[in-house]
**Q** 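Before anything else, here's the structure in question.
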Amino acid sequence: MCKESAEMERYLKTISPPNKTISSVCGEQIIRNEENYRNIMYCVSVHCEDGTLLYHTTTGELVLLTDLSLKECDREWLIKHWFLVPEKFDERMWVNQLRTIVDMLKTKGLNKTSFTILTTTDCNARCFYCYEIGIKRIPMASEMAERVADYVANSCGGKRVKLRWFGGEPLYNQQAIDIICDRLRSREIQFESNMISNGFYFDRKTSLHAYDSWRMRKVQITVDGTEKVYNRTKAYIDADESPYLRVMDNIQYALEAGIRVTVRMNMGEHNAKDLLLLADDLAERFHKYPGFHAYVAVINDFTGKMHIQDTMQTQRDNFAQIRDRLNKRGIYIKKDYLRGLRTARCMADNDTSETILPDGRVGRCEHYSDSMITGSIMDNVRDNEVEKKWKDPLSVPECDQCVMYPVCWKLKMCEWNKDGCSELTRNIEIDEIKKQVLEVYGQHKAEE
């Protein structure tokens, strides 16, 4: 075997090192001279002006090959770092084993420190795509809010707590938020909060109160288009002259109060082109605020009644155009795909998190307020079978050959994954990885 040399550096160069935890678990692959090696399928290849970038979706390592005619040194290095594997190597089994080990290494706390609290299941908007259509509209009573606060205080073991206000529209019941926060302060529980809101009630007074009293540091607000499209889509039952203009003002109030604002732009066939205009409007008005960001998401058809005319490629192109426009204007917030192996999905499969419904029942996911209930704040009895179900990963045939498998973690019970693995979502995420790879390499070159 040859030694690494200055000559090797001209052909193979590390741009980003592997994830330390994953690297320590898998170690270096042993080279076996009798084996025939092939490219591992968990590697994204991206061409650039200097050669070919290889991103390992399991280890998180990114390298540049300036010449694809591998020298022996290059080949040996790629084997050691798991870019090349034996022909009969079962990489999916390898990734599953790594996931199990990495998950075991995590610190398992008995205390719950993250709570999603639904102050109400009622909402003042009537979005046509809402997954909560048909759900009974229930507000959290004052007495229940006091019990929720006590439950949070008794469950966290004195540790700092993160609260996430959800609904319905959580500001439809601000009284419950006040009661919970006041009671936590009286019990000397450290906490901070964030919120998912349509922003309609987030006026100047509410923003200042949220920052000071609710210790709110972030809010996500959905904006589905420019004024005409937005007003039609949200269909507020208590709309004033222009809800769009009102929400834009409210976003500014929140930012001025010190609350970070992320705008979620839901994309469907009805508004894809309009979202390009919205991206410009948002950038023009809020680019000066470092706490402002936006992202685009494809609308899911939870009702089973939406008529999708656009082809998958059209949707993919629309998504890319909106994302690129946001990125160009400097307000795009992106999911970090370049961290390597993923071992959990979200709060639903996290034992330190819990969702509390307006009537005191608890579950693992805010999208299930009428089902998949695990218990109640009134006692410590939990349905272990339901909790286990929330940890079952979704496994579909597409996983077998998918480069995304190490960084994709879908749950079998998740409403968003009920139709399996969407080819549109899969391709969008692969496009996103490639874009991030090029961005990281561009930053690397600039720093050099």
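One is the number of the first residue; the rest follow in order along the sequence. Being a predicted model, the structure only gives us computed values, none of them experimental.
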**Q** Test T119 against I180 for side chain to side chain contact (heavy atoms under 4.5 Å, CB included), laying out the working first.
**A** CA-CA 10 Å; T119 63; I180 292 170; 5.6 Å; no
**Q** May I ask you to decide if I138's main-chain N or O and T121's side chain share a donor-acceptor pair within less than 3.5 Å?
**A** yes
**Q** Where do C26 and L98 come nearest, in terms of heavy atoms and distance?
**A**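 Closest heavy-atom pair between C26 and L98: CB-CD2, 3.8 Å.
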**Q** Locate the shortest heavy-atom distance separating Q315 from M267; write the atom from each residue and the value.
**A** O-CE, 3.6 Å
**Q** Looking at K112, is its backbone amide N or carbonyl O close enough to the side chain of E354 to form a donor-acceptor pair, meaning the two atoms are under 3.5 Å apart?
**A** no
**Q** Return yes if some donor-acceptor pair links the side-chain N/O of N271 with the main-chain N/O of G268 below 3.5 Å, else return no.
**A** yes
**Q** Please evaluate residues N19 and E61 with respect to the criterion side-chain hydrogen bond (donor to acceptor under 3.5 Å, both in side chains), reporting the C-alpha separation (whole Å), side-chain torsions for both, the decisive distance (0.1 Å), and the verdict.
**A** CA-CA 7 Å; N19 179 290; E61 188 162 20; over 6 Å; no
**Q** So, do D178 and C181 sit near enough that their side-chain heavy atoms are less than 4.5 Å apart?
**A** no
**Q** State whether Y295 and R325 meet the cation-pi test: NZ (Lys) or CZ (Arg) under 6.0 Å from the six-membered ring centroid, and within 45° of the perpendicular axis.
**A**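 Negative - R325 is either too far from the ring of Y295 or too far off its axis.
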**Q** Are I221 and I251 close enough that some pair of their side-chain heavy atoms sits under 4.5 Å apart?
**A**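 The answer is yes, as the side chains (C-beta and beyond) meet within the 4.5 Å cut-off.
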**Q** Going by heavy atoms in the side chains, are V223 and M265 under 4.5 Å from each other?
**A** no
**Q** Could you check whether T352 and N350, counting side-chain N and O atoms only, form a donor-acceptor pair closer than 3.5 Å?
**A** yes
**Q** Are the aromatic rings of Y236 and F200 close, with centres under 6.0 Å apart?
**A** yes
**Q** Where do T58 and P406 come nearest, in terms of heavy atoms and distance?
**A** OG1-CG, 3.2 Å
**Q** Could you tell me whether the side chain of V152 reaches within less than 4.5 Å of the side chain of F191, counting heavy atoms only?
**A** no
**Q** Validate the cation-pi geometry between R38 and F89: distance from NZ or CZ to the six-membered ring centre under 6.0 Å, angle to the ring axis within 45°.
**A** no
**Q** Should the pair F286 and Y289 be assigned to parallel (<30°), tilted (30 to 60°) or perpendicular (>60°) ring geometry?
**A** tilted
**Q** Under 4.0 Å between a side-chain nitrogen and a carboxylate oxygen: does that hold for K445 and E49?
**A** yes
**Q** With the threshold set at 4.0 Å, does a side-chain nitrogen-carboxylate oxygen contact exist between R246 and E241?
**A** no
**Q** Can you find a side-chain donor-acceptor pair between W165 and S193 that sits under 3.5 Å?
**A** yes
**Q** With a 3.5 Å distance limit and no angle check, can you tell me whether S24 reaches the backbone of T21 through a side-chain donor-acceptor pair?
**A**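 Pair found, side chain donor or acceptor close to backbone of T21.
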**Q** For the pair S16 (side chain) and L62 (backbone), establish whether a donor and an acceptor sit closer than 3.5 Å, ignoring hydrogens and angles.
**A** no
**Q** Can you name the one residue among R164, M140, M195 that meets side-chain contact (heavy atoms from CB on, under 4.5 Å) with I117?
**A**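 Exactly one option meets the side-chain contact (heavy atoms from CB on, under 4.5 Å) with I117, and it is M140.
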**Q** Compute both the distance and the angle, then confirm whether R217 meets the cation-pi test with Y211: under 6.0 Å from the six-membered ring centre, within 45 degrees of the axis.
**A**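 The answer is yes, since R217 meets both limits relative to Y211.
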**Q** By the definition salt bridge (charged side-chain N to carboxylate O under 4.0 Å, His left out), identify the one residue from K162, R160, R215 that meets it with E192.
**A**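 Checked K162, R160, R215 against E192; only one passes salt bridge (charged side-chain N to carboxylate O under 4.0 Å, His left out): R160.
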**Q** Less than 4.5 Å apart, any side-chain heavy atom of Q97 and any of M93?
**A** yes
**Q** Would you say the side chain of S242 lies within less than 4.5 Å of the side chain of E227, judging by non-hydrogen atoms?
**A**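 They are in side-chain contact.
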**Q** Taking the six-membered ring of Y405, is the NZ or CZ of R92 close enough (under 6.0 Å from the centre) and on axis enough (within 45°)?
**A** yes
**Q** Could you report the tightest heavy-atom contact between D240 and P243, atom names first, then the distance?
**A** OD1-N, 3.5 Å
**Q** How would you list, by chain and number, every residue that makes a ring pair (Phe, Tyr, Trp, His ring centres under 6.0 Å) with Y172, sequence neighbours excluded?
**A**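 Scan of Y172 (ring pair (Phe, Tyr, Trp, His ring centres under 6.0 Å), adjacent residues dropped) gives Y201.
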**Q** Tell me whether T100 contacts the main-chain N or O of N96 through its side chain, where contact means a donor paired with an acceptor under 3.5 Å.
**A** yes
**Q** Go through T222 and Y230 one step at a time and tell me if the side chain to side chain contact (heavy atoms under 4.5 Å, CB included) criterion holds.
**A** CA-CA 10 Å; T222 300; Y230 175 87; over 6 Å; no
**Q** Please check: side-chain N/O of E169 versus main-chain N/O of N198, any donor-acceptor pairing under 3.5 Å?
**A** yes
**Q** Do any N or O atoms from the side chain of N266 and from the backbone of I299 form a donor-acceptor pair under 3.5 angstrom?
**A** no
**Q** So which heavy atom on L438 is nearest to which on C48, and how close?
**A**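 So the two residues come closest at CD2-CB, 4.1 Å.
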**Q** Mark yes when over 12 heavy atoms from residues, nucleotides or ligands other than K435 sit less than 6.0 Å from its NZ; otherwise mark no.
**A**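 Check passes, neighbour count above 12.
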**Q** Restricting to side-chain contact (heavy atoms from CB on, under 4.5 Å), what partner residues turn up for T233, sequence neighbours left out?
**A**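 Only F128, Y129, D224, V229, H270 meet the side-chain contact (heavy atoms from CB on, under 4.5 Å) criterion with T233.
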**Q** May I ask you to check whether over 12 heavy atoms, not counting those of K218, lie within 6.0 Å of atom NZ?
**A**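 Counting neighbours around NZ of K218, 12 or fewer heavy atoms of other residues, nucleotides or ligands fall under 6.0 Å, so no.
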**Q** R99 and side-chain contact (heavy atoms from CB on, under 4.5 Å): which partner among V102, V95, D103, I101?
**A** V95
**Q** Taking the inter-plane angle between the rings of F83 and W77 on a 0 to 90° scale, is it parallel (under 30°), tilted (30 to 60°) or perpendicular (over 60°)?
**A** parallel
**Q** Could you check whether K391 pairs with D351 (Lys NZ or Arg NE/NH1/NH2 to Asp/Glu carboxylate O, under 4.0 Å)?
**A**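 Yes, this pair counts.
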**Q** Are side-chain heavy atoms of W214 and L163 found at a separation under 4.5 Å?
**A**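 When only atoms from C-beta onward are counted, L163 and W214 do not touch, as no gap falls below 4.5 Å.
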**Q** Please lay out, stage by stage, how M404 and T57 fare under the test side chain to side chain contact (heavy atoms under 4.5 Å, CB included).
**A** CA-CA 7 Å; M404 294 290 296; T57 55; 5.6 Å; no
**Q** Run the numbers on L78 and Y37 for side chain to side chain contact (heavy atoms under 4.5 Å, CB included), then give the verdict.
**A** CA-CA 10 Å; L78 291 171; Y37 287 86; over 6 Å; no
**Q** Does some side-chain heavy atom of L411 sit less than 4.5 Å from a side-chain heavy atom of L394?
**A**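 No, their side chains stay 4.5 Å or more apart.
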**Q** Please enumerate all residues that pass salt bridge (charged side-chain N to carboxylate O under 4.0 Å, His left out) together with R285, with sequence neighbours excluded.
**A** D249
**Q** Which heavy-atom pair separates S45 from T52 by the least distance, and what is that distance?
**A**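 Here S45 and T52 meet closest at OG-CG2, 3.2 Å.
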**Q** Is there a donor-acceptor contact under 3.5 Å from the side chain of N318 to the main chain of T314?
**A**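 A pair under 3.5 Å: yes.
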**Q** Using modelled atom types and a 3.5 Å cut-off, is there a donor and acceptor pairing between side-chain atoms of R126 and backbone atoms of C123?
**A**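 It does hold such a pair.
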**Q** Compute the ring centroids of W82 and H56, then answer whether they are less than 6.0 Å apart.
**A** no
